[in-house]
Amino acid sequence: MKKSPLYTRTGDKGTTSLVNGARVAKNSPRVCAYGTLDELNAYIGLLQAHTSFLDNFVNETLLRVNNLLFNIGAYLADSSEGAVPMLTDDDIAYLEKAIDTLDSMVPPLRLFVIPGGSVGASYAHVARTICRRAERDILTLIDTGAVVSELVTTYVNRLSDYLFVLARYINHATGTPELIWRK
């Protein structure tokens, strides 16, 4: 069986196809929104590579996040009216439980934390900032009049919280002191 070429040449002039076949500019708010989610997903893969020593709960949560980010990206790449985000309230509840679980394992937060510490925690902080950018890009897409499920914005907002507490947890689990902001 002959393989298809990886290149199609259809995007050479700066456009890409959405799920429904519509062509849009590669720098459109829709493409920027799901493109930033793709970047976040790749960074979470890098984070996983540096935190595989952590307990299964963290690794299972990150894998679940990877899958859901693909779902959300596919949803955002579909401009059809009535597209379904393949995301549920249960997905948000799972993430909130994960946040609560990790937060219960780290010392109370009394001061602002500077991103950093261990390599894994640093990757989690970078993923958190990419997540915040994804959230802004999704809101920009909504500002254009696109209909985006509230589940998506809630999940992405909650995910940045998870990545913050995960960074704290990684530092705690590795015995790495947190960096505290000093004015």
Side-chain angles (χ1 to χ4, degrees), residues 31-76 85-142 148-183:
V31 176
C32 289
Y34 70 74
T36 304
L37 285 177
D38 187 36
E39 180 184 354
L40 172 60
N41 216 356
Y43 224 93
I44 288 175
L46 182 62
L47 170 62
Q48 288 171 310
H50 288 277
T51 58
S52 60
F53 63 90
L54 293 173
D55 54 68
N56 283 340
F57 178 67
V58 169
N59 291 303
E60 289 169 10
T61 301
L62 290 174
L63 183 58
R64 185 173 176 155
V65 166
N66 280 136
N67 281 292
L68 287 171
L69 288 177
F70 265 103
N71 290 351
I72 296 167
Y75 165 73
L76 293 176
M86 297 179 284
L87 187 67
T88 68
D89 288 324
D90 289 344
D91 296 317
I92 294 165
Y94 179 90
L95 205 51
E96 289 172 347
K97 184 177 182 342
I99 292 167
D100 294 341
T101 299
L102 294 182
D103 193 44
S104 73
M105 296 184 208
V106 297
L109 188 60
R110 292 182 174 29
L111 300 167
F112 285 104
V113 175
I114 294 175
S118 68
V119 171
S122 297
Y123 283 127
H125 279 296
V126 173
R128 175 186 55 78
T129 64
I130 295 169
C131 189
R132 288 289 188 203
R133 180 161 33 95
E135 183 179 18
R136 292 189 301 270
D137 288 348
I138 292 166
L139 293 172
T140 297
L141 174 61
I142 291 168
V148 175
S149 169
E150 193 175 306
L151 289 171
V152 169
T153 54
T154 300
Y155 186 82
V156 174
N157 183 44
R158 211 65 84 247
L159 179 56
S160 65
D161 296 334
Y162 172 78
L163 292 166
F164 175 77
V165 76
L166 178 60
R168 294 195 70 223
Y169 174 75
I170 294 167
N171 277 337
H172 183 72
T174 59
T176 306
E178 289 185 305
L179 305 172
I180 303 302
W181 178 48
R182 307 271 185 230
K183 289 185 184 182

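Count residues from 1 along the sequence.
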Are any side-chain N or O atoms of [X] and backbone N or O atoms of [Y], one a donor and one an acceptor, separated by less than 3.5 Å?
| X | Y | result |
| --- | --- | --- |
| Asn171 | Gly116 | yes |
| Asp137 | Tyr34 | no |
| Asp91 | Thr88 | yes |

With the side chain counted from C-beta on, respond yes when [X] and [Y] share a heavy-atom pair under 4.5 Å apart, and no when they do not.
| X | Y | result |
| --- | --- | --- |
| Ile142 | Thr153 | yes |
| Glu96 | Tyr162 | no |
| Leu87 | Asn71 | no |

Atom [atom1] of [X] and atom [atom2] of [Y]: how far apart are they, to the nearest 0.5 Å?
| X | Y | atom1 | atom2 | answer |
| --- | --- | --- | --- | --- |
| Thr154 | Leu159 | OG1 | CG | 12.5 Å |
| Phe70 | Asp38 | CZ | CG | 6.0 Å |
| Asn59 | Leu54 | CG | CG | 6.5 Å |
| Tyr169 | Thr51 | OH | OG1 | 10.5 Å |

Val148 vs Tyr75, side-chain contact (heavy atoms from CB on, under 4.5 Å): CA-CA, chis, key distance, verdict:
CA-CA 9 Å; Val148 175; Tyr75 165 73; 4.1 Å; yes

Only one of Thr36, Asn67, Leu69 clears side-chain contact (heavy atoms from CB on, under 4.5 Å) with Asn41; which?
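With Asn41 as partner, side-chain contact (heavy atoms from CB on, under 4.5 Å) holds for just one option, Leu69.
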
Test applied, side-chain contact (heavy atoms from CB on, under 4.5 Å); reference residue, Leu37; option that passes from Leu68, Val152, Ile72
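Exactly one option meets the side-chain contact (heavy atoms from CB on, under 4.5 Å) with Leu37, and it is Ile72.
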
At their closest point, which heavy atom of [X] faces which heavy atom of [Y], and how far apart are they?
| X | Y | answer |
| --- | --- | --- |
| Ile170 | Ala121 | CG2-N, 3.5 Å |
| Pro115 | Leu179 | O-CD1, 4.1 Å |
| Ser118 | Thr174 | CB-OG1, 3.8 Å |
| Leu76 | Ala33 | CD1-CB, 4.2 Å |
| Ala49 | Ser52 | O-OG, 4.1 Å |

Can you label the angle between the Phe57 ring and the Tyr94 ring as parallel, tilted or perpendicular, going by 30° and 60°?
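Judged by the thresholds at 30° and 60°, the geometry between Phe57 and Tyr94 is tilted.
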
Check: residues 101-112 side-chain donor-acceptor pairs under 3.5 Å, at least two apart:
residue, atom, partner, partner atom, Å
Thr101, OG1, Lys97, O, 2.9
Ser104, OG, Thr101, O, 2.7

Could you go through the side-chain contact (heavy atoms from CB on, under 4.5 Å) check for Val58 and Phe53 one step at a time?
CA-CA 10 Å; Val58 169; Phe53 63 90; over 6 Å; no

Given side-chain contact (heavy atoms from CB on, under 4.5 Å), test Leu166 with Thr61 step by step and report yes or no.
CA-CA 11 Å; Leu166 178 60; Thr61 301; over 6 Å; no

For Leu46 and Tyr43, run side-chain contact (heavy atoms from CB on, under 4.5 Å): C-alpha distance rounded to whole Å, both residues' side-chain angles, the deciding distance at 0.1 Å, then the answer.
CA-CA 5 Å; Leu46 182 62; Tyr43 224 93; 3.9 Å; yes

Given Ser160, which of Arg132, Arg128, Glu135, Arg133 fulfils the side-chain hydrogen bond (donor to acceptor under 3.5 Å, both in side chains) condition?
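By the side-chain hydrogen bond (donor to acceptor under 3.5 Å, both in side chains) criterion, Ser160 pairs with just one of Arg132, Arg128, Glu135, Arg133: Arg132.
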
